[in-house]
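When reading the values below, keep in mind they use all heavy atoms of this one structure, side chains included, and skip hydrogens, waters and symmetry mates. Order of the sequence lines sets the chain letters (A, B, ...), proteins ahead of strands, with each chain counted from 1.
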Amino acid sequence: MNRRTLSLTGAIVAITVGVLVPVLLSTTVGIVAIAIGESSADLVLGILVICLAAGAIGGGVAATVLLGRRARIARLQSDLLANVTHELRTPLAGIRLHAQTLQSDIDPEHREECVNSIVRETVWLEAMIDRVLTWRTASKDWALLDLTREPVGDVLAAAASRFRKMIDPDEVDFAVDLETSAAVEHDHRALMSIILNLLVNAYKYTGDEKKIRLAARDESDEVVITVEDNGPGIPRRQHKRIFEPFHRADNSRSGAGLGLAIVHHQVEAHKGSITVDSVKGEGSTFSIRLPVAEDL
Amino acid sequence: MTESPQTVLIIEDDRSLRRGLAMNFEYKGFRVLTAATGDEGMKKAFDARPDLIILDIILPGPSGLEILSALRSRDRMVPVLILSARDTTDHKIEGLNLGADDYLTKPFELPELLARAEAMLRRRTYDEPVLTVGDVTIDPVKRTVTLGSEPVELTAREFDLLLLLARAPGRPFSRDAIIDRVWGWGFSGTNRTVDNCILALRQKIEADPVRPRYILTVRQVGYKLEP
């Protein structure tokens with residue numbers, strides 16, 4: 001990735017130099033022509049050359065700025081594609097590995113584990129594909145939300161049960177604690193995607209002995225949904241920035257850096273808010289607050 | 001190939017792949033170690049002295065490439081096969097230039113991965129020649145030392161220290177350089193640790209440990225192996 005960044009920057013530098021050097025040269029020629037020129041023709045020529053040079057500088061600067069922006073966008077797009085590809089390749093690799101293990105003469109006792117892994121990986125793949133689809137629609141108008149007014153418990157339970165199918169119960173200690181009955185105006189699919197995004201994030205950023213907890217409770221005029229993990233935590237100075245598009249806690253990590261930005265969008269579309277609270281080495285808690293729907 | 005089973009270290013954050021690979025290597029008769037994070041991988045790559053490492057690049061914590069360059073910059077020549085979802089030529093070149101011996105992209109073919117792993121181990125036994133300094137013979141592959149015809153029992157650290165000195169006979173190494181290359185990642189001891197290891201080594205290979213013939217002190221610098 002660094003190579004590509006460098007080569008794009010390199011191209012911009014090359015173009016800048018390519019434009020500036022002739023421009024400076026011709027300006028010098030123009031000034032010299034004016035300085036040593038005796039006839040008015042020399043003077044006119046000098047002024048013309050300087051005008052030409054100024055025009056070229058303007059053009060060069062504009063081209064550089066434009067190219068720089070296009071390069072940045074192209075880089076973001078290619079990063080996004082690369083990251084999406086990565087997210088799909090890993091479960092695919094798991095499926096093929098376990099299928100080929102079954103084809104080989106492995107002990108019968110491992111067969112069940114292989115089959116279970118394959119099934120789990122297909123659920124991951126499905127979730128990843130859903131995520132990519134959400135990213136694509138995220139830029140669209142959120143007025144398209146299909147809002148219903150009811151408690152969110154069922155949607156949260158559905159998200160939890162889907163997440164359970166993606167994980168190995170031996171690997172993750174996943175707890176669900178839903179104590180909410182207040183009606184909230186929400187879009188089922190969007191809320192499902194918000195919660196799954198947070199759960200997948202918690203899974204990805206937690207090392208061994210993962211502990212993840214999904215909870216919801218009613219608080220006066222809000223419903224508070226929390227996703228808690230025992231991962232490495234997020235430094236305080238990043239707490240705001242992690243919701244920005246393409247920001248990632250650590251550049252070498254997987255993911256497109258879009259998940260939380262989209263979650264943020266989706267929560268705001270529900271007139272809610274999302275915050276993170278984190279203690280280094282102990283874990284992070286993402287809290288979503290959604291307004292309780294007022295009685296009609 | 002050898003009497004004791006060879007150890008493969010699988011550094012991979014995806015649990016399904018990690019377990020699937022472990023299952024297959026175990027079935028092939030390897031001793032298998034696994035690591036799910038960069039930190040754990042770094043620690044095991046240095047401390048457990050595996051015969052082969054299967055290395056993912058994108059990991060929580062230090063990346064696979066960081067682990068690889070940490071190993072190579074400390075002369076750890078353990079064969080490394082990178083297994084990554086990054087499939088561009090640039091990524092492959094980057095990995096190979098950092099010292100990886102092979103590169104496979106995900107999704108991969110299991111029989112191919114196993115065959116490549118075994119080929120890497122075979123190649124390794126031809127690649128590293130036996131070193132001889134005076135009466136001391138060091139086999140880097142079998143990790144054995146003989147003095148004349150008598151086998152010498154060394155700890156893993158003592159062996160690595162002797163091997164480091166023996167790869168460049170006559171060249172003095174500072175204590176810091178020795179710590180960096182032999183103890184490697186995350187070492188928190190002092191120079192005394194090196195001195196103690198040298199003393200132990202002299203006890204084992206010198207005829208007269210007080211007046212050493214092989215492992216000499218270079219004043220103000222450190223130690224060297226006299227050819």
Heavy-atom distance under 4.5 Å between the side chains of B:Ser16 and A:Arg120, does that happen here?
no
Counting only non-hydrogen atoms closer than 4.5 Å, does A:Glu171 touch chain B with its backbone (N, CA, C, O), its side chain (CB onward), both, or neither?
both
Which residues satisfy the ring-ring contact (aromatic ring centres under 6.0 Å, His included) test with B:Phe30, sequence neighbours excluded?
B:Phe25
When you compare the side chain of B:Arg15 with that of A:Asp170, does any pair of heavy atoms fall below 4.5 Å?
yes
Indicate yes or no: at least one non-hydrogen side-chain atom of A:Arg96 is less than 4.5 angstrom from one of B:Glu109.
yes
Segment of B:Leu113 engaging chain A (4.5 angstrom heavy-atom cut-off)
neither
Taking atom types as modelled, is there a side-chain donor on A:Thr90 or B:Asp14 under 3.5 Å from an acceptor on the other?
no
Atom pair CE/OG of B:Met23 and A:Ser104 - distance to nearest 0.5 Å
10.0 Å
Please evaluate residues B:Tyr27 and A:Thr101 with respect to the criterion side-chain contact (heavy atoms from CB on, under 4.5 Å), reporting the C-alpha separation (whole Å), side-chain torsions for both, the decisive distance (0.1 Å), and the verdict.
CA-CA 10 Å; B:Tyr27 193 68; A:Thr101 305; over 6 Å; no
Are the charged groups of B:Asp87 and A:Arg89 less than 4.0 angstrom apart, N to O?
yes
Would one find more than 12 heavy atoms of other residues, nucleotides or ligands at under 6.0 Å from atom CZ of B:Arg31?
no
Cut-off 4.5 Å, heavy atoms of chain B, and the answer for A:Glu113 is side chain
Holding to side-chain hydrogen bond (donor to acceptor under 3.5 Å, both in side chains), I want the full list of residues that pass it with B:Arg116, two or more places apart in sequence or in another chain.
B:Asp102, B:Glu112
Looking at side-chain heavy atoms only, is the closest gap between A:Leu97 and B:Asn24 below 4.5 Å?
yes
At a heavy-atom separation under 4.5 Å, does A:Asp168 approach chain B through its side chain, its backbone, both, or neither?
side chain
